[in-house]
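Reviewing the structure listed below.
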Amino acid sequence: MLKYGRSLSTKLLNICIASMCKAQQLMKSETVIIDGIRLGVLPDVFTYNTLIDAYCRFVSIDAGYSVLHRMKKAGIAPDVISYNSLIAGAARKCLLSRALDLFEEMLQSGIRPDVWSFNILMHCLFKLGKPDEANRIFQDVILSSVDPCPTAFNIVINGLCKSGYTSNALMLFRNLQKHGFVPQLYTYNILLNGLCKAGKLRAARGILVELRDSGHQPDAITYTTVMKYCFRYRQFHRGLEILSEMRSEGYTFDGFAYCTVIAALIKIGMIKEAEEIIEQMQRSGIEPDVVAYNTLINLYCKQGRVGDALKLLDEIEKSGLESDAYTHTIIIDGLCKAGDIEGARRHLNYMNTLGFGFNLVAINCLIDALGKEGQIDQALKLFESMEVKDAFTYTILVHNLCKARRFLTASKLLMSCLKCGFKTLRVTQRAVLDGLRDSGYTNEARKLQSKIRLARFIH
DNA sequence: TTAGGGTTAG
């Protein structure tokens, strides 16, 4: 500690603590604080707030909360930032009731919430799929004396997009503009992503033009967003054009951009090109995170190198990173595609032991593999046992039933899929209809056809 | 303190 000298002030102490907390060196921070006190430099509310935030991020809310007690004991009154840090910690982990309790405790302590307190709560509610409650808070903020900041608008516009209310988001955006709100590049990016995701490409194009006209320069996020959706909507040429425009504009590729491009190339079967970009990513010195690893594992699986994919999983676990649900579903799909159903089942069990809950994607892969291996009854059994299904589950099974020439069962399944309101692919519908007609089930084909028309009309 | 882009199955 002596290396900091005797001129150490609280301000300098806070700078040290902030950088150590950022580097997750919490024990070291504590030692520095103790040394500081010995030298007569007392921590202040800023010091404790930095610690609360770090403990909430890297340890637990309880650990953050105990810092709150410590500061009170030291005679320093917590402020709105102390509580916001705790509420944000709870919100990050989606612990809504804990966040609300902390909010209540803040009010009880006579601390007035600020716009950030509301922002954090709104974001948490949107994340938990409670857009109505988030919206209620937003209305309260608008009507109250709390001055909303651009971030509040960004959170609501983003939340509405993520909850599927893209039109409402666009409407809010326009209304805010009428009342003098000048959208930030951040706002444009949120809206652009929301509109593209919802397939509203015309509106997205309009927003992109508006973004440029308003004097903003598209940034790496704008480019990555547009590029991703070009690939998704199979405009590969345009996607690659944007890729080179992004480069010529001088944007350095980050992990997000690399993974977007690599995943798109893998998906369209341009494996060699994907390999080249992966090599570029590895050479660029970007520290791979779990998504980058997942992208690489996906490439190995698509090349049939499941063994190498498993080795990479080992590497993730040894490097201190945590694998996620994507990692394991990619591997399960890889095993399935390699025909190793038992291996896939074993990996699914392993996934469970790691604490991952039910995973629809993994089960869907397993159903497909069972069908492809000629175990269609096993696939049906698995299907029946599922409490949650989606459009993929139905489509996968319907295709496999068609391949097994069990068109009546396929037809029934397709009808219940339509009844659930899931969208089905034209190619799936055609496979069943053609199969029914070829097998002489013309009545059933007619019935299915009218259900398909009805579904198209309703949805 | 908070908010935007990346990875999986038909």
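Hydrogens, waters and symmetry mates play no part in the numbers below; they use all other heavy atoms, side chains included. Proteins come first, then strands; the chains are lettered A, B, ... in the order of their sequence lines, and each starts at number 1.
Residue contacts shown for A220(A) include a base, since a base heavy atom lies under 4.0 Å away. Looking at heavy-atom distances under 4.0 Å, A152(A) makes no contact with the nucleic acid at all. Within the 4.0 angstrom heavy-atom criterion, no nucleotide atom of any strand lies near H399(A).
The salt bridge (Lys or Arg N to Asp or Glu O under 4.0 Å) analysis of residues 264-274 of chain A, with sequence neighbours excluded, yields no pairs.
Between the C1' atom of dG6(B) and the CE atom of M246(A) lies a distance of 11 Å, rounded to the nearest Å. What separates CG of N193(A) from C1' of dA3(B) is a distance of 13 Å, to the nearest Å. As rounded to whole Å, 20 Å separates atom P of dT2(B) from atom CZ of F138(A). Computed from coordinates, the K389(A) NZ to dA9(B) P distance equals 22 Å when rounded to whole Å. I277(A) places its CD1 atom 18 Å from the P atom of dG6(B), with the value rounded to the nearest Å. In this structure, I242(A) atom CD1 and dG6(B) atom C1' are separated by 15 Å, rounded to whole Å. Between I157(A) atom CD1 and dG5(B) atom P the separation is 14 Å, expressed in whole Å. Atom CZ in F422(A) sits about 14 Å away from atom C1' in dA9(B), given to the nearest Å.
In the set dT1(B), dA9(B), dT7(B), dT7(B) carries the atom at the smallest distance from any side-chain atom of A263(A). With dT2(B), dA9(B), dT7(B) as the choices, the nucleotide that has an atom nearest any side-chain atom of D390(A) turns out to be dA9(B). The side chain of F256(A) lies closest to dG5(B), out of dG5(B), dG10(B), dT8(B). Closest contact between the side chain of R57(A) and the listed nucleotides dG6(B), dT8(B), dT2(B) involves dT2(B). Listed nucleotides dT2(B), dA3(B), dG5(B) differ in distance to Q184(A); the shortest reach to its side chain belongs to dA3(B). Nearest nucleotide to the D333(A) side chain, out of dT7(B), dA3(B), dA9(B): dA9(B). Distances from the side chain of N154(A) to the nucleotides dA9(B), dA3(B), dT1(B) place dA3(B) closest.
Counting atom types as modelled, D219(A) pairs no side-chain N or O with a base atom of dG5(B) as donor and acceptor under 3.5 Å. With hydrogens and angles left out, the side chain of T295(A) and the base of dT7(B) share no donor-acceptor pair within 3.5 Å. Contact annotation: side chain of D254(A) to base of dG6(B), donor-acceptor pair absent below 3.5 Å. A donor-acceptor contact under 3.5 angstrom links the side-chain atoms of T224(A) to the base of dG5(B). Residue T395(A) places a side-chain atom within donor-acceptor reach of the base of dG10(B), judged by atom type and a 3.5 Å distance cut-off alone. A donor N or O paired with an acceptor N or O is found under 3.5 Å between the base of dT1(B) and the side-chain atoms of W116(A).
Per the stacking criterion (ring centres < 5.5 Å, plane angle < 30°), Y326(A) stacks onto the base of dT7(B). For the pair Y223(A) and dG5(B), the ring geometry does not qualify as stacking, because the centroid separation below 5.5 Å and plane angle under 30° are not jointly satisfied.
One finds no salt bridge joining R136(A) and D140(A) here, because no Lys/Arg side-chain nitrogen approaches an Asp/Glu carboxylate oxygen to under 4.0 Å. Under the 4.0 Å criterion applied to side-chain N and carboxylate O atoms, E210(A) and R174(A) are assigned as salt-bridge partners.
Just one residue in the list L240(A), V261(A), T222(A) forms a side-chain contact (heavy atoms from CB on, under 4.5 Å) with M227(A), and that residue is V261(A). Under the side-chain contact (heavy atoms from CB on, under 4.5 Å) rule, E104(A) has a single partner from L107(A), L100(A), D101(A), which is L107(A).
Figure legend: cation-pi geometry between R70(A) and Y48(A) absent, as NZ or CZ is not positioned both under 6.0 Å from the six-membered ring centre and within 45° of its axis.
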